[in-house]
Amino acid sequence: MPIDIIGAADLKSTGQLTFDKALQSKVPSFNTVNTPVNDATSLLDPYEIRNMGPSRTLILINGKRKNSSALTYIQTSPGRGESGADISAIPTDAIKRVEILRDGASAQYGSDAIAGVMNIILKDRFDYGSVTVNSGITHKGDGEMIGFSVNNGANFGDKGYVNYTIDMQHTNMANRPGKVDAAAEADANLGFGVSLSTVNAFLAAYPDAKNINASPENSSAKFLVNGAIPISESTEFYYNVAYIYKKVNSFANYRTPYWRDTDFGLLHEAGSPYLGYGPTFEGDLKDYNATVGFRSVSNGWKTDVSFTTGGNHQLYTVNNTLNRGLGASSPISFKPGGFDFTNNIGNIDISKAVGDKLNVAFGSEFRQENFTIIAGDTASYVAGGADSFPGYGANNALTATRYNIGGYADLSYDITKQFLINGTARVEKYSDFGNAFVWKGSTRYKMLDDKLTLRGSVSTGFRAPSLQQINLQIAQASFVPGEGIQTKGLVNNNSPQSRLLGVPKLKAEKSLNYTAGLGVSPTDNFSVTLDYYNIRVKNRIVLSSEIGHTDDPTAPGLDQVLNDNGIVAVSFFVNGIDTRTQGFDFVSSYRSIKVGRGVLGLSLAANYTAQNKALAIKNPPLIAAAGQTVVDQTQLALLLSSRPKSKVIFGGDYRIGKVSLNLNNTVVGPTTFHQSGLSENLDTKFTTRVLTDLGGTVTLLKNVTLAVNAQNIFNVLPQWKFKALNAAGEAELQDPAAVFNYTNLLTFNGRYSTTTYDGSQFSQLGATFVASLKVTF
């Protein structure tokens, strides 16, 4: 099976302060990026493997399932309509290694393992304690970072241990505002329709319209402990517990005085000029997971019995804004509510080697999940709600619960010493949507004294609709190019409104995965792997595009249903698309090369997406008959082309005496997007860019090490351009007025200087410098 193994030293060498961003620098098939102004999305950035979305990679901690986030991404960002585990919650200093299985694994692990499995192995037996202090800053002099981490522990006898990590981090806001285009701002079609003189008067003093975007201020405190206690010669009790608290302070788009012509005297001092206001969005996140269990060996039978619990709790605060519907009686601080998700999981896994050739394994899992929508205070949602982020209404608050039970059996047989075959089957029963049966067959053949390995697999998989996707129902403010900030409705899949629109109840996604690969290891120091993957997902769950009135008197049905039920425009979750994703993963390394008095190591790794294609779009009949679709061009682009088509990482490290140097070049391939409001004849394309990271480590004293990293040292920023899809698009690009129009639509009249409102394929912060001092004891 294709497995990436990333050690603790590899993660630390990136200089990144969070685990997810360290993986971005090390694993070509893994992608994550911060998005500029996206409300709760700022609490945890979306990530994905093989362009499959965050919910199709299963996250394990020491082999046990980690809880999902309570948040569902509903803004126009990667991962829209999905939830993923908060991997940024895991302190890097607590990690021994990371194992990424790039293969469908639903038969072994159950739901969510369509794209692969990430198993985070925690530090166990204690070697030494360490204290690390780190700090950093961007080339603009903002985004200052300060951090403190302690890793320590103790051993008990030959097998017992405890290993714990405490990690504190704070990062200040980094701001990358653009210069606002006054002419566009004064254009009724593009912006606010006020006089040019009015706009110029404000922009003369505030060319960026006081907008704040890029990276929010955030603080985190992370605690993790991992341990084991021998009970007897053949049995051990093991445990791990993790808790994180995260605070994020971000901003909504600034409300200029010609956009919001009054604050009713609530947000500025009497006698001072009214200059508009900038709503804040503040998030408080708590995430925890814990596992206890027993491992034993008796007569060759290995038994592992465990219980895991986990949860993610998010509450939001909106300040420096008001509820315009309440006028002068509005508060200026709101508690708009939040979300909570918890799970409890029981596992039993049993295995035995039967003779020299046969290995058998079987087991069962029981999982219970709860999802809660927490209502906001009344003023946050009545009369239009808080300006920038309306709260969750009491009528939308709910708690949903479900359980599932599953079982699997696995057989591995060595036909010869070189030829292995493996088969796995799994059954699952869910309380809320039904049953699932999946299987996997794989094989491996070694040749040339194990220097060449051929491997392949065929598997089916499934992903159960999450409780969030089944039950989420909210009103959400979003920026719509050319139309400003609009509040949209999201009705849950079980609602009467969904049934009236002909939206069926959600069912599980199903996948069919094919992989084939080879590994070459001519020497102990040199290895190469190449793997092909083909993943077909049927009934993929999406958050639909907005469905609204057609204003076509001849359109059958839809307008009448919307009018009769007081629906202006809605989105909903639906099994809306079938997709196929094909690509290649390449990983090579050449270690321990003697160069002069030092040792050189080289690595080259790449991911290439050969195809990410929609096979079918499944519109409910009422919506299809009205000429609308649940997956429009924007949603298609988010699903299929908004992540890099290719990513190549070429790295080298050189160690000589007490000094080590590392150089990393990441070629971030192109992405294609289609923003809402853009002509159907055009796309936007983010072009291929090369990011260069340079780092060095020096041992100052026997137990003191200084590391310095310059990330994106050449200050490479995202670049995008319009791409014509046909002759009509080519004609539009020859029209300066059209280009002006679309450019200002996608950058909110210039507020977003280096990227469009909807983000890009890598960070817009440019060069960042980080230093850390580590003391071991």
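The two residues Gly441 and Trp439 make their nearest non-hydrogen contact at N-CE3, 4.0 Å. Closest approach of Pro670 and Lys685 over heavy atoms only: CB-CE, 3.7 Å. Closest non-hydrogen pair, Ile87 versus Phe19, comes out as O-CD2, 3.4 Å. Taking both residues in full, the closest heavy atoms of Val668 and Pro644 are given as CG1-CG, 3.9 Å, listed atom of the first, atom of the second, then distance. Across all non-hydrogen atoms, the minimal contact from Ala707 to Thr697 is CB-OG1, 3.8 Å. Considering all non-hydrogen atoms of both residues, Gly153 and Tyr164 come closest at N-CE2, 4.0 Å.
Ion pairing between a basic and an acidic side chain is recognised when a charged N comes within 4.0 Å of a carboxylate O; Glu509 and Arg540 show no such pairing. Note on Lys451 versus Asp524: no salt bridge recorded, every NZ/NE/NH1/NH2 to OD/OE distance being 4.0 Å or above. Electrostatic pairing of Asp86 and Lys66 does not count as a salt bridge here, judged by no charged N lying under 4.0 Å from a carboxylate O. With respect to the salt-bridge test (charged N to carboxylate O, under 4.0 angstrom), the residues Asp93 and Lys123 do not qualify. A salt bridge links Asp112 to Arg65: one of the charged nitrogens lies within less than 4.0 Å of a carboxylate oxygen.
The six-membered or imidazole ring of Tyr608 lies away from that of Phe584, with a centre-to-centre distance of 6.0 Å or more. Proximity of the aromatic rings of Phe419 and Tyr445 is defined here by a centroid distance below 6.0 angstrom, and this criterion is met.
One finds the CD1 atom of Ile90 at 8.0 Å from the CG atom of Leu224 (value rounded to the nearest 0.5 Å). From Arg643, atom CZ reaches atom CG of Asn612 across 12.0 Å, with rounding to the nearest 0.5 Å. Rounded to the nearest 0.5 angstrom, Gln711 CD and Thr768 OG1 are separated by 5.5 Å. The line from CG of Asn539 to CG of Asp578 is 6.0 Å long, rounded to the nearest 0.5 Å. Between atom OG1 of residue Thr303 and atom CD1 of residue Ile350 there is a gap of 5.0 Å, rounded to the nearest 0.5 Å. For the atom pair Asn359 CG and Lys302 NZ, the distance stands at 8.0 Å (nearest 0.5 Å).
For the pair Val587 and Leu604, the minimum side-chain heavy-atom distance is 4.5 Å or more. Using a 4.5 Å cut-off on side-chain heavy atoms (C-beta onward), Thr688 and Lys647 make no contact. Looking only at side-chain heavy atoms (C-beta outward), Glu428 and Ser111 stay at 4.5 Å or farther from each other. Between Arg295 and Phe237, every side-chain heavy-atom pair lies at or beyond the 4.5 Å cut-off. Annotation: side chain of Ile6 is in contact with side chain of Val27 (closest heavy-atom distance under 4.5 Å). A 4.5 Å side-chain heavy-atom check between Ser511 and Lys538 finds every atom pair outside the cut-off. Counting heavy atoms from C-beta on, the side chains of Tyr47 and Val33 never come closer than 4.5 Å. For the pair Phe526 and Ser589, the minimum side-chain heavy-atom distance is 4.5 Å or more.
Of the N and O atoms on the side chains of Thr165 and Asn151, at least one donor lies less than 3.5 Å from an acceptor on the other residue. Side chains of Asn422 and Ser412: a donor-acceptor N/O pair is present below 3.5 angstrom, by distance only. Checked by atom type, the side-chain pair Asn226/Asp124 shows no donor-acceptor distance below 3.5 Å. Residues Thr692 and Asn665 have side chains that bring a donor and an acceptor to within less than 3.5 angstrom of each other. Checking Thr523 against Asn525 by side-chain atom types alone, no donor-acceptor pair falls below 3.5 Å. In this structure, a donor-acceptor pair under 3.5 Å is absent between the side chains of Tyr161 and Asn163. Between the side chains of Glu365 and Asn347, at least one donor N or O lies within less than 3.5 Å of an accepting N or O. A side-chain donor from one of Thr291 and Thr308 sits under 3.5 Å from a side-chain acceptor of the other. Counting only N and O atoms by type, the side chains of Tyr532 and Gln582 include a donor and acceptor under 3.5 Å apart. Counting only N and O atoms by type, the side chains of Ser457 and Asp103 include a donor and acceptor under 3.5 Å apart. Donor-acceptor pairing under 3.5 Å is recorded for the side chains of Asn607 and Asp585.
Annotation for Tyr514: atom OH does not count as buried by contact number, only 12 or fewer foreign heavy atoms lying within 6.0 Å. Taking a 6.0 Å sphere around NZ of Lys12, one finds it holds more than 12 heavy atoms contributed by other residues, nucleotides or ligands. Counting non-hydrogen atoms of other residues, nucleotides and ligands closer than 6.0 Å to CZ of Phe777 gives a total above 12. More than 12 heavy atoms of other shown residues, nucleotides or ligands fall within 6.0 angstrom of atom CZ in Phe769.
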query = Can Gln24 and Gln16 be said to form a side chain to side chain contact (heavy atoms under 4.5 Å, CB included), step by step?
reply = CA-CA 9 Å; Gln24 171 80 355; Gln16 298 287 348; over 6 Å; no
key: side chain to side chain contact (heavy atoms under 4.5 Å, CB included) between Leu518 and Thr529, intermediate numbers included   = CA-CA 6 Å; Leu518 60 86; Thr529 65; over 6 Å; no
message = As a quick check of understanding, evaluate salt bridge (charged side-chain N to carboxylate O under 4.0 Å, His left out) for Asp4 and Lys26, giving each step before the final call.
response = CA-CA 10 Å; Asp4 293 323; Lys26 286 294 179 183; over 6 Å; no
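A distance-only check finds no donor-acceptor pair linking the side chain of Ser298 to the backbone of Trp301 [under 3.5 Å]. Between the Asn119 side chain and the Gly63 main chain, a donor and an acceptor come within less than 3.5 Å of each other. No side-chain donor-acceptor contact under 3.5 Å links Asp653 to the backbone of Leu661. Thr14 contributes a side-chain N or O that, together with a main-chain N or O of Leu11, makes up a donor-acceptor pair within less than 3.5 Å. Thr460 places no side-chain N or O within 3.5 Å of a backbone atom of Val438 that could act as its donor or acceptor partner. Under the 3.5 Å distance criterion, the side-chain polar atoms of Ser588 are left unmatched by any main-chain donor or acceptor of Ser603. Distance alone, capped at 3.5 Å, is enough to place a donor-acceptor pair between the Thr32 side chain and the Pro46 backbone. Looking only at distances, no side-chain donor or acceptor of Lys357 sits under 3.5 Å from a matching main-chain atom of Lys417. Distance alone, capped at 3.5 Å, places no donor-acceptor pair between the Lys440 side chain and the Val458 backbone. At least one donor-acceptor pair under 3.5 Å links the side chain of Tyr654 to the backbone N or O of Val595.
When the options Leu639, Thr609, Thr579, Thr671 are evaluated for a side chain to side chain contact (heavy atoms under 4.5 Å, CB included) with Asn51, the one that passes is Thr609.
Legend: residues meeting side chain to side chain donor-acceptor pair (under 3.5 Å) with Tyr238, ordered by chain and number and at least two apart, are Asp304.
Cation-pi geometry between Arg50 and Tyr533 is satisfied (NZ or CZ under 6.0 Å from the ring centre, within 45° of the ring normal).
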